[in-house]
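For this chain, numbers begin at 1 and follow the sequence in order. Hydrogens, waters and symmetry mates play no part in the numbers below; they use all other heavy atoms, side chains included.
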Amino acid sequence: MLHVFNCWHNPALFHTGWFVESLFTQTLIIHVIRTNKIPFIQSWASWPLILTSIIIVAAGAWLTVSPLATTLGSSRSRRCSGCTWPSCCWATRC
């Protein structure tokens, strides 16, 4: 993410991407550790868990582009705006 979005001199943008990526990862881990089978292939979680996971990920991603973003210390850079926040998550994998 440092290289893709040039976050070397913009720590708020790095923290924003890190927050979103961590939230997505932690939510996925919940689905992985709940079963000994392969999640989403051999075993599906209950609908309440899936729905809650989607709501949490969407709310966390929305927080980074909401009016609360600056209050929370997130970067509202146009490089990491609402339509490109998935790329922020993807970039942290590089």
**Q.** Residue among Thr64, Leu63, Val57 satisfying side-chain contact (heavy atoms from CB on, under 4.5 Å) with Val20
**A.** Thr64
Would you give me the side-chain donor-acceptor pairs under 3.5 Å for residues 36-47, sequence neighbours excluded?
{"from": "Gln42", "atom 1": "OE1", "to": "Ile38", "atom 2": "N", "distance (Å)": "3.1"}
{"from": "Ser43", "atom 1": "OG", "to": "Arg34", "atom 2": "NH2", "distance (Å)": "3.3"}
{"from": "Ser46", "atom 1": "OG", "to": "Leu49", "atom 2": "N", "distance (Å)": "3.4"}

Q. Between the main-chain N or O of Phe19 and the side-chain N or O of Ser22, is there a donor-acceptor pair closer than 3.5 Å?
A. no
(Q) Do Ile50 and Leu28 sit in one hydrophobic cluster, given that two such residues count as connected whenever their side-chain heavy atoms are within less than 4.5 Å of each other, even indirectly? (A) yes
Q: Give the ring-plane orientation class for His15 versus Trp18, where under 30° counts as parallel, over 60° as perpendicular and anything between as tilted.
A: tilted
Q: Calculate, to the nearest 0.5 Å, the distance between atoms OG1 and CD1 belonging to Thr27 and Ile55 respectively.
A: 12.0 Å
Q: Please list, chain by chain and in numerical order, all residues satisfying side chain to side chain donor-acceptor pair (under 3.5 Å) with Thr25, sequence neighbours excluded.
A: Glu21
